[in-house]
Amino acid sequence: MTKINSPYSAAITGGGFLFEETKILLPLLQSEDRANLLKDEKINNRLLKINAESSRRRFIKEIERRYDAMPRTFWEDFMGWSEENQRTALLFVILKTYKICFDFHVNVTMRKWNSISKSVVIDDLYLELNEVAASDEFVDSWSEKTKKYVAGAYLTILRKVGMVDDEDSLHPLSASNFDYYIAMGEQWFLEACLLMPYEIDAIKKDLL
């Protein structure tokens, strides 16, 4: 499976939401000695307490990928937020890091929210994967097992963040710092959190 000029990756299967793990590793990632500290953690398991070294290495790699997708100042702000705001922020980071998750979210989740059903199931994600595969040779080369893992990982993330419940129904996210994303020029994320237009307008007015 050779990646040729594709913006897509199946790397999301290497981790999942990784909320607690991200918070644990942030001080290491922000350190000037980052490389050595992370190398030590992969080997010695001082912080993560994950028995399998292969799993530790995989999780650390994905958390590094996400960390590097955002400016350092974002993570400095992140550490001071409430858990609710942090969980919402991690969804933002994931959507910015993995294009396949972004496509799932915009083309499936947001559309389903604006439909009658207001729910997302894995078959909806398979349909989107097929659409992507039709125009992307790399995604088209993914095995059915890989596609299943990618779709399943995204759906699990929605469950972890509280956007999808046990009946597959969608729910908007709440956070007390949505104005932060507007200030960043990322107003789309408020729509991605399934906020209604009048709610977004109210947040924007509060910034004036």
Side-chain angles (χ1 to χ4, degrees), residues 1 3 6-22 50 55 58-59 61-63 65-66 69-70 83-175 178 181 186-200:
M1 190 163 60
K3 185 171 182 178
S6 174
Y8 294 96
S9 165
I12 188 64
T13 60
F17 196 47
L18 298 176
F19 178 67
E20 295 297 340
E21 295 85 351
T22 297
I50 298 169
S55 296
R58 189 167 64 249
F59 291 175
K61 181 179 180 179
E62 291 314 308
I63 292 169
R65 188 193 305 271
R66 298 171 189 185
M70 304 301 300
E83 179 173 327
E84 180 180 55
N85 287 352
Q86 287 178 337
R87 286 183 177 275
T88 300
L90 189 52
L91 175 65
F92 174 72
V93 172
I94 288 169
L95 296 181
K96 296 282 283 187
T97 305
Y98 308 98
K99 180 165 172 51
I100 193 62
C101 289
F102 181 86
D103 284 7
F104 280 154
H105 206 78
V106 172
N107 297 331
V108 181
T109 301
M110 291 171 67
R111 287 182 182 175
K112 295 286 281 185
W113 173 248
N114 290 313
S115 72
I116 295 172
S117 68
K118 297 191 184 303
S119 64
V120 172
V121 296
I122 201 160
D123 285 349
D124 298 322
L125 304 176
Y126 283 148
L127 289 173
E128 175 63 19
L129 270 174
N130 289 335
E131 287 288 326
V132 173
S135 59
D136 189 285
E137 184 179 350
F138 176 62
V139 176
D140 190 46
S141 74
W142 291 357
S143 67
E144 288 305 309
K145 183 177 180 180
T146 297
K147 291 177 181 178
K148 178 181 178 181
Y149 283 161
V150 169
Y154 169 76
L155 199 53
T156 298
I157 287 165
L158 294 192
R159 295 188 192 285
K160 293 278 190 180
V161 79
M163 189 171 280
V164 171
D165 63 24
D166 292 339
E167 283 76 43
D168 303 318
S169 296
L170 287 164
H171 300 276
L173 296 184
S174 59
F178 279 130
Y181 301 97
E186 304 279 6
Q187 181 180 316
W188 67 271
F189 183 61
L190 278 65
E191 298 175 53
C193 289
L194 310 183
L195 269 65
M196 301 300 290
Y198 73 86
E199 294 175 302
I200 296 173

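Note that the coordinates shown come from a computational prediction; the quantities given were computed from them, not determined experimentally.
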### Intermediate values then yes/no, side chain to side chain contact (heavy atoms under 4.5 Å, CB included), Lys96 and Phe189
CA-CA 10 Å; Lys96 296 282 283 187; Phe189 183 61; over 6 Å; no
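- Closest approach of Ile12 to Cys101, counting heavy atoms only: CG1-SG, 3.9 Å.
- Applying the 6.0 Å contact sphere to NZ of Lys99 captures more than 12 heavy atoms from other residues, nucleotides or ligands.
- If you take OG1 on Thr97 and CZ on Arg65, they are separated by 8.5 Å, rounding to the nearest 0.5 Å.
- The CH2 atom of Trp188 sits 9.5 Å away from atom OH of Tyr181, with the distance rounded to the nearest 0.5 Å.
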Residues 155-164, side-chain donor-acceptor partners within the protein, below 3.5 Å, at least two apart:
{"unit_1": "Thr156", "atom_1": "OG1", "unit_2": "Gly152", "atom_2": "O", "d": "2.9"}
{"unit_1": "Arg159", "atom_1": "NH1", "unit_2": "Asp165", "atom_2": "O", "d": "2.7"}
{"unit_1": "Arg159", "atom_1": "NH2", "unit_2": "Asp168", "atom_2": "OD1", "d": "2.7"}

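- In plain terms, the two heavy atoms of Thr88 and Phe178 that are nearest each other are CG2-CE2, 4.3 Å.
- Minimum heavy-atom separation, Gly16 to Ile94: O-CD1, 4.3 Å.
- The closest donor-acceptor contact from the side chain of Ser141 to the backbone of Phe138 lies under 3.5 Å.
- Under the side-chain hydrogen bond (donor to acceptor under 3.5 Å, both in side chains) criterion, Thr109 pairs with Tyr154, not counting sequence neighbours.
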### side chain to side chain contact (heavy atoms under 4.5 Å, CB included) between Glu144 and Lys147, worked out
CA-CA 5 Å; Glu144 288 305 309; Lys147 291 177 181 178; 3.8 Å; yes
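- In terms of the side chain to side chain contact (heavy atoms under 4.5 Å, CB included) criterion, residue partners of Glu83 (sequence neighbours excluded) are, by chain and number, Phe19, Arg87.
- Glu199 contributes atom CD, which lies 10.0 Å from atom OG of Ser174 (distance to the nearest 0.5 angstrom).
- Residues forming a salt bridge (charged side-chain N to carboxylate O under 4.0 Å, His left out) with Glu20 (at least two apart in sequence, or on another chain): none.
- Atom CG of Asp140 is separated from atom CG of Asn130 by 9.0 Å, given to the nearest 0.5 angstrom.
- The closest side-chain donor-acceptor pair between Ser119 and Glu167, if any, does not fall under 3.5 angstrom.
- Rounding to the nearest 0.5 Å gives a distance of 10.5 Å between NE2 of His105 and CD of Glu191.
- In this structure, Phe17 places its CZ atom where more than 12 heavy-atom neighbours from other residues, nucleotides or ligands lie under 6.0 Å away.
- Note that OH of Tyr98 is 9.0 Å distant from OG1 of Thr13, once rounded to the nearest 0.5 Å.
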### Task
Start with the C-alpha gap between Asp103 and Glu131, add the side-chain angles, then the distance that decides, and say whether side chain to side chain contact (heavy atoms under 4.5 Å, CB included) holds.
CA-CA 10 Å; Asp103 284 7; Glu131 287 288 326; over 6 Å; no
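- The side-chain hydrogen bond (donor to acceptor under 3.5 Å, both in side chains) test applied to Lys118 returns no partner, not counting sequence neighbours.
- Listed by chain and residue number, Ser117 satisfy the side-chain hydrogen bond (donor to acceptor under 3.5 Å, both in side chains) test with Ser115 (two or more places apart in sequence, or in another chain).
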### Task
Mind running side chain to side chain contact (heavy atoms under 4.5 Å, CB included) on Leu129 and Phe104 for me, showing each step along the way?
CA-CA 8 Å; Leu129 270 174; Phe104 280 154; 3.7 Å; yes
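- In Glu137, the CD atom is not crowded: 12 or fewer heavy atoms of neighbouring residues, nucleotides or ligands sit closer than 6.0 Å.
- The closest donor-acceptor contact from the side chain of Asp124 to the backbone of Val121 lies under 3.5 Å.
- In plain terms, the two heavy atoms of Ala151 and Leu125 that are nearest each other are O-CD1, 3.4 Å.
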